[in-house]
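Structure, as structure tokens:
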Amino acid sequence: MKILIHSLIFSLMLISSASGKESTRQIVDALGRTVEIPVNNERVICSGSGCLRLLTYLQAQSMAVAVDDIEPRKRRYEARPYALANPHFKTMPIFGGYRGHDNPELILALEPQPQVIFKTYASSMGFPPEDLQNKTGIPVVTLDYGNLGKKRPQLYQSLRTMADVIGKQKRAEEVIAFMESQIVDLNRRTADIPELERPSVFVGGVAFKGPHGYQSTEPTYPPFEFVNANNLAGNAGGVGKESQHSAISKEKILEWDPEILFLDLSTLQMGDEAGGLYELRTDPSYRVLNAVKEGKVYGLLPYNWYAKNYGSILANAFYVGKLLYPERFVDVDSAVKADEIYRFLVGKDVFNDMNTIFHGMAYKPVLVN
């Protein structure tokens, strides 16, 4: 009898063990780590800049059981379409600090518990993924946030990796196809424009880990790249390189004297008496620029706001294209196009809400005189 009981217990242990193996599988993340994850995942958290944005693009924001502490913050300005479309993020439980500064104790106290932790910028900021995984016992899958330039493949791979973990593969392919279709359309409209017919342009006030003044730019600013614009900052050495933040000297901007200036509205965060807009209105050096004197300064939605705003980047590109080459974009209403993009990516029309926050300056001439 004892032998029979022991045999039965052993058999049940084998079944349980086999069942445990069947309930997990392995995945390779952006850092090349092999991570054991549950087969079926319904509860996650997103750590790091932009991570929750990607989850929202995959229409899986309901899977998040908590958010980092950037979501509930009250601020004068807000330029994250994914957050505007999901105001409930502000009232969700907090699992740690923004930019990946996770709190394992808060994570372990969550009810229900996440089954997987997604993490962007894992190698450069915040809590190391291995340490976080060891302290919580929850698998951590790292993602490369990428960009819409040279690192577009990394962005697409991260969407696919996240989708694979949560069962949203079809949606990931739809998002990738949508982004590609917008970029192809922009290039198709502008690729054959002769170089001499392309006005020289510059965008200033681009945020990077916080707001900056007008000298702050992106040498390979994607909205310029997508419409084949004559980006003076890119021509200065950025073309062919991975897009990254740069500060251009005021003397160089004056030397270039771009025909058209753009202002990234994230610079308004610096206050009423600082930032790019204030500089264009008050700095004697900028006042001599022909674009300033002629009122050819135009507002763009923020490029960076807790990492790159991919929807806003695409929307900005259509506005830039329409402004530079109106005959090529006669069928485009910039605000309507922006909401078409936001509706697809985050599920809601948020252009008007965001533009109101930025005093109606988006996709219009900015008063600098």
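Because the structure is a prediction, the values reported are computed rather than measured.
Remark: side-chain polar atoms of T190 are paired, donor with acceptor, to backbone N or O of L186 under 3.5 angstrom. Q59 contributes no side-chain N or O that, together with a main-chain N or O of K168, makes up a donor-acceptor pair within less than 3.5 Å. A donor-acceptor pair is defined here as one N or O able to donate and one able to accept, closer than 3.5 Å; no such pair exists between the side chain of T161 and the backbone of S158. With hydrogens and angles ignored, the 3.5 Å screen pairs a side-chain donor or acceptor of D257 with a backbone N or O of N290. With S216 contributing its side chain and H212 its backbone, the two residues share no donor-acceptor pair below 3.5 Å. The backbone N or O of G97 sits nowhere less than 3.5 Å from a side-chain atom of N103 that would complete a donor-acceptor pair. Remark: side-chain polar atoms of R43 are paired, donor with acceptor, to backbone N or O of Q113 under 3.5 angstrom. Side-chain atoms of Q26 do not come within 3.5 Å of backbone N or O of E36 as any donor-acceptor pair. Judged purely by atom type and a 3.5 angstrom limit, K119 uses its side chain to pair as donor or acceptor with the backbone of G100.
The aromatic ring centres of F95 and H101 sit 6.0 Å or more apart. Ring-centre distance between F202 and Y214: below the 6.0 Å cut-off. Here the two rings, on Y310 and Y82, have centers that are 6.0 Å apart or farther.
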*Give the intermediate values and the outcome of salt bridge (charged side-chain N to carboxylate O under 4.0 Å, His left out) for residues E180 and R152.*
CA-CA 10 Å; E180 281 297 299; R152 203 185 310 163; 2.8 Å; yes

*Please report the C-alpha distance between R99 and D68 in whole Å, then the side-chain angles of each, then the deciding distance to 0.1 Å, and finally whether the salt bridge (charged side-chain N to carboxylate O under 4.0 Å, His left out) criterion is met.*
CA-CA 8 Å; R99 292 182 183 163; D68 69 30; over 6 Å; no

*asked:* Let's go through E340 and R343 carefully: what are the C-alpha distance in whole Å and the side-chain angles of both, what is the deciding distance for salt bridge (charged side-chain N to carboxylate O under 4.0 Å, His left out) to 0.1 Å, and is it a yes or a no?
replied: CA-CA 5 Å; E340 174 193 320; R343 190 162 57 248; 5.7 Å; no

*asked:* For a side-chain contact (heavy atoms from CB on, under 4.5 Å) check, start with the C-alpha distance between M354 and Y77, then their side-chain angles and the critical distance, and finish with the verdict.
replied: CA-CA 9 Å; M354 192 157 40; Y77 295 104; over 6 Å; no

*Evaluation steps, side-chain contact (heavy atoms from CB on, under 4.5 Å), between Y286 and I253*: CA-CA 9 Å; Y286 289 131; I253 297 173; 4.1 Å; yes

*Would K135 and F127 count as a side-chain contact (heavy atoms from CB on, under 4.5 Å) if you check the C-alpha gap in whole Å, the side-chain angles of each, and the deciding distance to 0.1 Å?*
CA-CA 11 Å; K135 287 180 179 293; F127 213 101; 3.6 Å; yes

*asked:* Walk me through whether N369 and R281 qualify under side chain to side chain donor-acceptor pair (under 3.5 Å).
replied: CA-CA 6 Å; N369 292 318; R281 286 174 171 172; over 6 Å; no

_Stepwise salt bridge (charged side-chain N to carboxylate O under 4.0 Å, His left out) test for R80 and E78_ = CA-CA 6 Å; R80 295 171 300 146; E78 177 57 81; 2.8 Å; yes

*When you look at V292 and L261, which way does the side-chain contact (heavy atoms from CB on, under 4.5 Å) test go after all the steps?*
CA-CA 8 Å; V292 171; L261 297 176; 3.8 Å; yes

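For the 3.5 Å distance criterion, the side chains of Y342 and S312 qualify, holding a donor opposite an acceptor. For the residue pair N309/N304, the side-chain donor-acceptor check at 3.5 Å is not satisfied.
Inter-residue side-chain proximity for I193 and L324 is flagged as unmet; no heavy-atom pair is nearer than 4.5 Å. The side-chain heavy atoms of L31 and S123, taken from C-beta on, include a pair separated by under 4.5 Å. In this structure the side chain of R33 reaches within 4.5 angstrom of the side chain of T142, judged on heavy atoms. In this structure, F318 and V227 have side chains that are not in contact, with every pair of non-hydrogen atoms separated by 4.5 Å or more. Considering only heavy atoms from C-beta on, Y221 stays 4.5 Å or farther from E225 through its side chain. With contacts defined as side-chain heavy-atom distances shorter than 4.5 Å, the pair V203/L300 qualifies. By the 4.5 Å heavy-atom criterion applied to side chains, V140 and V35 are not counted as neighbours. At least one side-chain heavy atom of V366 sits under 4.5 Å from a side-chain heavy atom of L277.
The local environment of NZ in K364 is sparse, with at most 12 non-hydrogen atoms from other residues, nucleotides or ligands closer than 6.0 Å. E42 CD: 12 or fewer foreign heavy atoms inside a 6.0 Å radius. Crowding of D272 atom CG: a count of heavy atoms from other residues, nucleotides or ligands under 6.0 Å not exceeding 12. Remark: K337 NZ is packed, more than 12 non-hydrogen atoms of other residues, nucleotides or ligands lying under 6.0 Å away. The environment of CD in E130 is crowded: more than 12 heavy-atom neighbours from other residues, nucleotides or ligands sit within 6.0 Å.
Using the six-membered ring where Trp is involved, F224 and F262 have ring planes that are tilted, between 30° and 60° apart.
Scanning all heavy atoms of the two residues, the minimum distance from Y278 to A274 falls at CB-O, 3.4 Å. Across all non-hydrogen atoms, the minimal contact from A79 to W305 is CB-CE3, 3.3 Å.
Applying the side-chain hydrogen bond (donor to acceptor under 3.5 Å, both in side chains) rule to pairs touching residues 196-207 yields S200-E259, sequence neighbours excluded. Identified under the salt bridge (charged side-chain N to carboxylate O under 4.0 Å, His left out) test for residues 323-333, with sequence neighbours left out: R189-D331, D192-R328.
Between Y363 and the choices F351, Y298, F358, the ring-ring contact (aromatic ring centres under 6.0 Å, His included) rule is met once, by F351.
Stacking of K308 on the aromatic ring of Y145 is not recorded, the 6.0 Å distance cut-off and the 45° axial limit not both being met.
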